[in-house]
Amino acid sequence: MEKMHSKKQIQHSEAAADFNKDIPRVDWHDETLWYVREKRDKAAFQIPDWELLRETASQIKNNVLANIHDYLIQFESKAKANGVIVHWAANAEEHNKIVHSIMAKHGVNQMVKSKSMLTEECHLNEYLAEKGIDVIDSDLGERIVQLRKEPPSHIVLPAIHLKKEDVSETFHEHLGTEAGNNDPQYLTEAARLHLRDTFLTRKVALTGVNFAVAETGEFVVCTNEGNADMGVHLADVHIACMGFEKIIPQRKHLGVFLRLLARSATGQPITTFSSHFNTPRAGKEMHIVIVDNGRSTQLGREDFRNSLKCIRCGACMNTCPVYRRSGGHSYHNAVAGPIGSILAPNLDMSKNADLPFASTLCGSCTNVCPVKIDIHDQLYKWRQVLVKEGHTPIGKTIAMNGMAAVLSKPMVFNLAGKAGRLVMQKIPVLVNNNFNPWYKQREMPSPPDESFREWYKKNGKESKSQNNGQ
């Protein structure tokens, strides 16, 4: 996130406009993500009970959110009985301090980390770097963006915004690979050799958590590369970090979520590695850090609490027409896309007020969500909240108030329409100029000779009588 924090945050629309300057890359980004969406559809339709799975997962998550306190206490009790050290963090700062304290206790200043969106949310890498801790992300996509000093642009495909040529250039600069060699197999082998020493030498490994089972005190980490397993099995200390919403009641419920997760994320029938962690090995330590960081606030928002059902599959990103053509970095948040746009305002309304407006409200995100989060409805509701709380730009607020005044009065609306048509017909330069944001990227329509109201007064009765005659 270094690049993001080193300069003033820009709005989604500005960042998207910058991303759109490279039209071939935008087209490629759009087509690649849509390909993943198509894979998801094919995988889903191969299961006759797909919709039943979605509904079951949704109801399980509803039950979790309604009884979160009891499940968290049950999980803590079981995990402690298993020999796991459990920590609670109210916010990102506490989370980061806890992780650092574990490192300090063992006197180590190096960590290997597998993918964890929670640590991205908490900016753990930057915090540890300031404390002199060297962190290496072992997920290939995460490692690529880490070398480039960029945040991930997608929660499942962190480097989806990059082409193999970009990776080749990055590896040549940081790993000494052959300049201009864009062969994916060659680049993957270089990454494997680079990370092998990391796995062998780092004594502390950190992972995220996909699911935590209240019944047993175990947690599950899903990867396609096996990097989480390589890290923790060779380390003396395993730190797992999770938002409290990752709890599920019983182990049998894993069968529902594991069938949904990979199919929704990448169109695979199952994730390559679904690793269960229960008890630390002899002489080793296992810690789990359970984090709130605004989640209890979101839980208390009746209209938005369902966003906490998210299992971080990224399906809503892959289908979203805005995300696909604006890129993940335009969302200036750890979690991008539609789901990020309903989670981020909860953390900071002022900073993230632009994100719920980065949507067409087409509803495709809701349609593909494996746990049936009403994402597009929440985007619309967040817009209403943000406007009422005064978090929209002054210019936009004035314009909307002006439109409301015009649209609420038929006489004013008719006069404004006539004036607008007249201006567009007689003095088009007043509309077709760069001061009009719509004109910059669109061709303005030819002005009609009359409004629909005027046309209907002339033709409505005649059309109605003809229809009655038929």
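Ile160 has its side chain within reach of Thr32: a pair of non-hydrogen atoms, C-beta onward, lies under 4.5 Å apart.
In this structure Glu225 satisfies the side chain to side chain donor-acceptor pair (under 3.5 Å) test with no other residue, sequence neighbours excluded. By the side chain to side chain donor-acceptor pair (under 3.5 Å) test, Lys39 pairs with no residue at all, sequence neighbours left out.
Using a 3.5 Å distance cut-off with no hydrogens or angles, the side chains of Glu121 and Asn293 do pair a donor with an acceptor. Side-chain N/O atoms of Ser364 and Thr319 include a donor and acceptor closer than 3.5 Å.
Classification of the Phe257-Phe211 ring pair by plane angle, with boundaries at 30° and 60°, yields tilted. A perpendicular orientation is assigned to the rings of His106 and His287, their planes being inclined by more than 60° (bins at 30° and 60°). Phe277 and His233 have tilted rings, their planes meeting at an angle from 30° to 60° on a 0 to 90° scale.
Taking the charged nitrogens against the carboxylate oxygens, Asp139 and Lys113 have no contact shorter than 4.0 Å, which rules out a salt bridge. Note on Glu94 versus Lys97: no salt bridge recorded, every NZ/NE/NH1/NH2 to OD/OE distance being 4.0 Å or above.
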Exercise. Applying ring-ring contact (aromatic ring centres under 6.0 Å, His included), run through Phe19 and His329 and close with a yes or a no.
Key: CA-CA 9 Å; Phe19 183 75; His329 291 158; 8.5 Å; no

_Please determine whether side-chain contact (heavy atoms from CB on, under 4.5 Å) holds for the pair Asp18 and Glu14, giving the CA-CA distance in whole Å, both sets of side-chain angles, and the decisive distance to 0.1 Å._
CA-CA 6 Å; Asp18 187 58; Glu14 299 172 73; over 6 Å; no

